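Here the structure is laid out as structure tokens; the discussion comes afterwards.
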Protein chains: 2
Amino acid sequence: MFSQAEENYLKAIYHLESDSKEGISTNAIAKSLATKASSVSDMIKKLSDKEVVLYKKYKGVTLTELGEKTATNIVRKHRLWEVFLVEKLNFSWDEVHDVAEQLEHIKSQKLINQLDALLGFPTHDPHGDPIPDKDGFVNAIDKSLLSTLNVDEAGVCVGVNDSSSDFLQFLDKKGITLGKRIKVTEKEDFDDSLSILIDDKKLSISNKIANNLYIKKS
Amino acid sequence: MFSQAEENYLKAIYHLESDSKEGISTNAIAKSLATKASSVSDMIKKLSDKEVVLYKKYKGVTLTELGEKTATNIVRKHRLWEVFLVEKLNFSWDEVHDVAEQLEHIKSQKLINQLDALLGFPTHDPHGDPIPDKDGFVNAIDKSLLSTLNVDEAGVCVGVNDSSSDFLQFLDKKGITLGKRIKVTEKEDFDDSLSILIDDKKLSISNKIANNLYIKKS
DNA sequence: AATAAATTTTAGACTTGTCTAAAAAACATT
DNA sequence: AATGTTTTTTAGACAAGTCTAAAATTTATT
């Protein structure tokens, strides 16, 4: 059994691994958990003793199979709870993260299986992120950052790279939601901003936005 | 904001107060939380500093208005979650306690209000205990322990005094559920056991059972 | 009222998880 | 290869919450 702190470390390492595929540095974990490198060093030793991470001093850390299974299970719980909050409790997609962050630590296998069923076995959370199945299998869809599309390419908005409520509220304000079709009409070289077509309306999108919006090309 | 440990103490004191109406002793709290009296002493000092309990050394403890409001809110959350588990996730009434014990500490006012709405603003949890409203008001119904009924008196089963899964499973096995009509047909003097009529079937009920089953007389 | 018994509090220690400051190792640069 | 910079680890401290053992207080009993 893992404490909430341990679970948060495992989840952080899991997310960092999916970006980098290298050993994860102490500093990277510290930054992602808003804590200090010294705290991370301490915790990593404990996780290593519990055989959920592989660790050589100064050499970074990787999840073991057990660690990855544990981490995907936490991610599964987080994302199922997010779906629950949006679908059943009328939360908006920018309100769910902090509550799901708490709910993901509730320990009950039956609870999560029944919740899954209640929600109709969803495959993606409200931000478009895939929900791992019971065995930890993640069905990743083929998606590209909006910033990688060329002029005249188009696709459907399928996810976000930044789940902060600021970003999500910004998207709401612009009328950008998952499922919407987006076409790139112009690209500015000097600031990498885009002109896009959405709902037959023309929008100007900064590079920062385009770097945080996932599109399934069509 | 209160820690989980603090919340558990407040809840324990709240439940003990509803039984005794006297200042609650350190020992009683320790017993109900399965901890040691010395730990209780320490925690009570902290709760007293936070002005949720009144405390004079060696004189026991009582909740302040703020303390009681905080405690009823935790009880409200606990009982709403129990209803959710039974009504939406197909838990049985003997499975909900431990999970609700975790869920009651989730911090989100919106979550609990929306959950209340999803469940149709229930007034009682699966064990027949009343659910405090948003303002902490508890609508207690008029109920009596089965053991206090006289021969030929009857009523409807409306609650249990013991929510342990052992007891609840025993009731299931005997076909005793909330809403069932029970009539006392005999009382044995030497062991205080009862003969009752339920679903037109005759059952023998020990005093221990009769002391943990609430009836609304009719 | 004095003594015994039970309860409650204090003192000191331990665990978990965090921090700061300093030391050690790795990396980068000339 | 030597030096400086960054990263990582260690050492020591702290807060929350718990424990055991001992001291203080209250309650019960003679």
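So that the names make sense, note that chain A is the first sequence line, chain B the second, and so on, each numbered from 1. Model, not experiment: these values are computed from the prediction.
Look at A:Glu104 and A:Lys11 and you find a salt bridge, because one of the NZ, NE, NH1 or NH2 atoms lies within 4.0 Å of a carboxylate O, short of that distance. Using a cut-off of 4.0 Å between Lys/Arg side-chain N and Asp/Glu carboxylate O, A:Arg76 and A:Asp116 are scored as salt-bridged. Looking at B:Lys107 and B:Glu7, a side-chain N of the basic residue comes within less than 4.0 Å of a carboxylate O on the acidic one, giving a salt bridge.
With no hydrogens or angles considered, no side-chain donor-acceptor pair links B:Asp166 and B:Ser164 at under 3.5 Å. Of the N and O atoms on the side chains of B:Asp94 and B:Ser92, at least one donor lies less than 3.5 Å from an acceptor on the other residue.
The stretch residues 3-18 of chain A has no heavy atom under 4.0 angstrom from DNA chain D at all.
The side chain of A:Thr35 places an N or O atom within less than 4.0 Å of a non-bridging phosphate oxygen (OP1 or OP2) of C:dC19. Phosphate proximity of C:dA6 to B:Asn27: absent, as no side-chain N or O sits under 4.0 Å from OP1 or OP2.
Distances were taken from every side-chain heavy atom of B:Tyr58 (C-beta onward) to each of D:dT8, D:dT26, D:dC19; the shortest belongs to D:dT26. Residue B:Met43 places its side chain closer to D:dT18 than to any other of D:dT8, D:dC19, D:dT18.
Between the CG atom of A:Leu47 and the P atom of C:dT18 there is a distance of 11 Å, given to the nearest Å. Nucleotide C:dT8 holds its C1' atom 11 Å from the NZ atom of B:Lys59, rounded to whole Å.
The side-chain tip of A:Lys45 does not point at the ring of A:Tyr55 from less than 6.0 angstrom away and within 45° of straight on.
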Table of protein N/O atoms under 3.5 Å from nucleotides 10-12 of chain D N/O atoms:
{"unit_1": "D:dT10", "atom_1": "OP1", "unit_2": "A:Lys57", "atom_2": "NZ", "d": "2.4"}
{"unit_1": "D:dT10", "atom_1": "OP2", "unit_2": "A:Lys45", "atom_2": "NZ", "d": "2.7"}

For residues 140-151 of chain B, tabulate all N or O donor-acceptor pairs below 3.5 Å that involve a side-chain atom, not counting sequence neighbours.
{"unit_1": "B:Ser147", "atom_1": "OG", "unit_2": "B:Asn211", "atom_2": "OD1", "d": "2.8"}
{"unit_1": "B:Thr148", "atom_1": "OG1", "unit_2": "B:Leu145", "atom_2": "O", "d": "2.7"}

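A:Glu22 CD: 12 or fewer foreign heavy atoms inside a 6.0 Å radius.
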